[in-house]
Amino acid sequence: MKGILVLGLVLASSVTALAEDWLQSLSESQPQIKTEVKTLETDSQRAKRAARREPNLKDPFIRFFFVQMESNPQLPFEVRQWADAVMGEEFERASHLWSVVSPLVPEHLRHLAQSAQLYSLFKQDLTQTFVAEWLKAQYEKSYFESPAEAALENAIFPSVLDKIGQQKVALSEQERDWVFKISGDRPLWVWLRGWSALRNPELAEGLLEKIPKESTLKSKLSQTVAVKYLKQNDFSKVAKVLKLHYEPAVMATKSEKEIAGHFLNIARVLYQAGQLQGALAYYEKIPKSSAHYLKAKEESLWVLLRLGRLSQLRGELKSFDYSFFKSRFLPEVSLVRSISNLKLCLYGDVEKDFEEFKKLNSSWAVRIDNALNAPDTPVPPESDYFTQSAETQVQNLSSEIQQIQGLAHKSIEAALPAVGVQKHWTDYKETLVSRLEGAKKRLADERRRQWKNARKELGEAIKKMRFVKLEYMNQVRTLSQRSQTTTQVAGTNNVLPQEMVSKDKLVFPHGIDFWPDELFKLRSTAQSVCLKQGGGQ
């Protein structure tokens, strides 16, 4: 017995030193908060503590909680029972007792108890409930400025950011507004403001310098700001944002998907700025394994067309003849092909392009209209970042509601003095159900946005194809009025000269089948059959 007592005294002494160091560092990091360290327990109390399960003092919040609770030995039995569960990392048991314990906690320990309950939720991976309750607690200024809140933030940072960064947490509009009203630049609040500023360039731009480049948030905020300047045709500012903020953030992720998306964005900006060679170089950087590859190939057709790189253009167009691509939403492939054929006066092929464009895109037009008119907006062909985030939030909220329901049922017989389904579980569930409805609406809105974008893209392609058709009709009419009229189509003499072919490229005459692994390695050309102004030759 004496040995146990000595062991308890030694352990408690070391705990006291650790706790005092912790509180000192906490008070230094939070100068506006005054921290008071009270006298620790008596020898007899230390002995009783040594006989029980010792708290995990490596956990920063448990260490802080231990010091505060042991400085207050005269507590109601229920509060002490709950505190022992928290310090013993029995977080589920502790959270079951909350409705019973919270009214019994002394006023001077109320903020500490709030933080302990929130920490219990966080440690049970009830992330959405934790964030909702944690932000709700911040409305009380005294809690926001308390050492207990600071200790909680230090313990959960940056773990909670990882969950928010993966878009697992849905913030309400009220909460998004609230995080900008909180004063100070604590790291967690800066990050929350960053996530709340996505798609709001005025708010996002002021946060770029405060977010480290290693964060996914940095690249998303950079895109938000870059799009603002792109719409203003201010390419110098676009380039500055991309170079100083976007590119370092993307490269730091070492993610093939993120880097490929970066190349695609750079290519689009260069194309819009008229830097065609640079745009093509970035389009060609995107690897075949990337989800952006096919879109990059479609967009690069315009670059090749404008650069007059006929052999490469017709080889790329030949690759798009592969049957796999016929079911994909690629409205501009047959459009660019028709322009290319029109430039070569291959009128028979131009007419075929018109028919293919109509056949492929009429079905997409129906599909898009049906999606936009459906009561439950269907999943778009390829969900983008914001749609995927909304989908993740709906899934996580649904899962957490099930988890809360299970905990509510378990609380019926969890531990005395808690009896029956505890009210706080019911309250948490109601909050989640409300959030789930909002998340479902956001998901529907994001899906509709993508379908609307698809309709706009198709509409632009149709408008351009009408101009092609008008030019085609004008050329045919002009030719019909001349003595030497031709309606020739492409012949078979379209093999490139050897000096124009690199070793890793394959050359095929127009109209011959090829293997799938040869996709986008083809080079082909066709003789122009256009008549010259002087009467042809």
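What you see below is based on every heavy atom in this structure, not just the backbone, and it leaves out hydrogens, waters and symmetry mates.
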Visitor: Less than 4.5 Å apart, any side-chain heavy atom of Glu149 and any of Gln114?
Guide: no
Visitor: Is the backbone N or O of Ala170 less than 3.5 Å from a side-chain atom of Gln128, with the two atoms forming a donor-acceptor pair by type?
Guide: yes
Visitor: Angle class for the Tyr119/Phe61 ring planes (parallel below 30°, perpendicular above 60°, tilted otherwise)?
Guide: tilted
Visitor: Would Arg328 count as a cation-pi partner of Phe320, with NZ or CZ less than 6.0 Å from the six-membered ring centre and within 45° of the ring normal?
Guide: no
Visitor: For the aromatic rings, using the six-membered ring if either is Trp, is the centroid distance between Phe354 and Tyr472 under 6.0 Å?
Guide: yes
Visitor: Between Glu258 (side chain) and Val250 (backbone), is there a donor-acceptor pair under 3.5 Å?
Guide: no
Visitor: Using a strict cut-off of less than 4.0 Å between a Lys/Arg side-chain nitrogen and an Asp/Glu carboxylate oxygen, indicate whether Lys295 and Glu382 qualify as a salt bridge.
Guide: no
Visitor: What about the rings of Trp134 and Trp178, do their centers lie closer together than 6.0 Å?
Guide: no
Visitor: If you measure from the Lys or Arg side-chain nitrogens to the Asp or Glu carboxylate oxygens, is any gap between Lys326 and Glu356 under 4.0 Å?
Guide: yes
Visitor: Calculate, to the nearest 0.5 Å, the distance between atoms OH and NZ belonging to Tyr293 and Lys288 respectively.
Guide: 5.0 Å
Visitor: Rounded at 0.5 Å granularity, tell me how far CZ in Arg186 sits from CG in Leu192.
Guide: 12.0 Å
Visitor: Is Glu175 salt-bridged to Arg435, cutoff N-O under 4.0 Å?
Guide: yes
Visitor: Report yes or no: does Trp364 contribute a side-chain atom to a donor-acceptor pair with the main-chain N or O of Ala454 at less than 3.5 Å?
Guide: no
Visitor: Between Lys136 and Glu133, is there a side-chain N and carboxylate O pair less than 4.0 Å apart?
Guide: yes
Visitor: Asp445 and salt bridge (charged side-chain N to carboxylate O under 4.0 Å, His left out): which single residue from Arg448, Arg442, Arg449, Lys441 fits?
Guide: Lys441
Visitor: Look at the side chain of Lys218 and the backbone N and O of Ile211, then say whether any donor-acceptor pair between them is shorter than 3.5 Å.
Guide: yes
Visitor: Run the salt-bridge test on Glu332 and Lys464 with the 4.0 Å N-O cut-off and return the result as yes or no.
Guide: yes
Visitor: Pairing donors with acceptors under 3.5 angstrom, does anything connect the side chains of Gln124 and Ser95?
Guide: yes
Visitor: Could you measure the distance from the CG atom of Leu301 to the CZ atom of Arg337? Nearest 0.5 Å is fine.
Guide: 9.0 Å
Visitor: Rounded to the nearest 0.5 Å, how far does OG of Ser340 lie from CG of Leu335?
Guide: 11.5 Å
Visitor: Distance from Ser222 atom OG to Tyr246 atom OH, nearest 0.5 Å?
Guide: 8.5 Å
Visitor: Between Tyr271 and Ser300, does any side-chain donor sit less than 3.5 Å from a side-chain acceptor?
Guide: no
Visitor: Is the closest basic N to carboxylate O distance between Glu355 and Lys358 below 4.0 Å?
Guide: no
Visitor: Could you check whether Glu400 and Thr129, counting side-chain N and O atoms only, form a donor-acceptor pair closer than 3.5 Å?
Guide: yes
Visitor: Regarding Asp384 and Thr387, is there a side-chain donor-to-acceptor distance under 3.5 Å anywhere?
Guide: yes
Visitor: Once you round to the nearest 0.5 Å, how far does CZ of Phe263 lie from CD1 of Ile259?
Guide: 6.5 Å
Visitor: Under a 3.5 Å distance rule, please check whether Arg193 uses its side chain to pair with a backbone N or O of Phe180 as donor and acceptor.
Guide: no
Visitor: Taking the side chain from Ser434 and the backbone from Thr431, do they hold a donor-acceptor pair closer than 3.5 Å?
Guide: no
Visitor: Consider only side-chain N and O atoms of Glu205 and Tyr229, and report whether a donor and an acceptor are under 3.5 Å apart.
Guide: yes
